[in-house]
Amino acid sequence: MFEVLLQQAQAQGLALRAPPPEPTTCCGRGCNGCVWEGYLDAAEYWRQEASLQIDSVSLD
């Protein structure tokens, strides 16, 4: 998903902020508030923000 949106943005001459990095501190025990939950929230926010920027250029 990140790569596709970054490629679309580049094709339109847009510079997007870097997507969130994957967590490296997961213990694998399924903790409440796992670092992957925060990562997935951040990834979804990044996707929405990137899509809005790409779509706004497409509409112009």
Side-chain angles (χ1 to χ4, degrees):
M1 165 189 65
F2 293 145
E3 193 61 37
V4 169
L5 289 172
L6 288 168
Q7 288 174 0
Q8 289 176 355
Q10 184 179 20
Q12 294 180 4
L14 293 172
L16 300 176
R17 67 182 176 90
E22 287 190 13
T24 59
T25 58
C26 180
C27 65
R29 292 184 290 208
C31 303
N32 186 20
C34 177
V35 295
W36 284 101
E37 292 174 15
Y39 169 75
L40 292 174
D41 287 342
E44 176 59 15
Y45 182 84
W46 185 92
R47 184 196 66 77
Q48 290 177 9
E49 182 181 64
S51 294
L52 283 172
Q53 291 180 28
I54 291 168
D55 290 346
S56 72
V57 170
S58 297
L59 295 175
D60 289 344

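- Within the structure, the side chain to side chain donor-acceptor pair (under 3.5 Å) test picks out no pair touching residues 28-41 (sequence neighbours left out).
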In a table with atom names and distances, give each donor-acceptor pair under 3.5 Å that connects a side chain of residues 16-28 to protein atoms at least two apart or in another chain.
residue	atom	partner	partner atom	Å
Arg17	NE	Glu49	OE1	2.6
Arg17	NH2	Glu49	OE1	3.3

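- Under a hydrophobic-cluster definition in which Ile, Leu, Val, Met, Phe, Trp and Tyr are linked whenever side-chain heavy atoms come within less than 4.5 Å, directly or via other members, Leu6 and Met1 are assigned to the same cluster.
- Taking CD1 from Ile54 and CD from Gln7, the interatomic distance works out to 10.5 Å, rounded to the nearest 0.5 Å.
- For Gln48 and Glu44, the side-chain atoms include at least one donor-acceptor pair closer than 3.5 Å.
- For residues 3-14, the set of pairs meeting the salt bridge (Lys or Arg N to Asp or Glu O under 4.0 Å) definition, not counting sequence neighbours, is empty.
- In this structure, the ring-ring contact (aromatic ring centres under 6.0 Å, His included) partners of Phe2, at least two apart in sequence or on a different chain, are Trp46.
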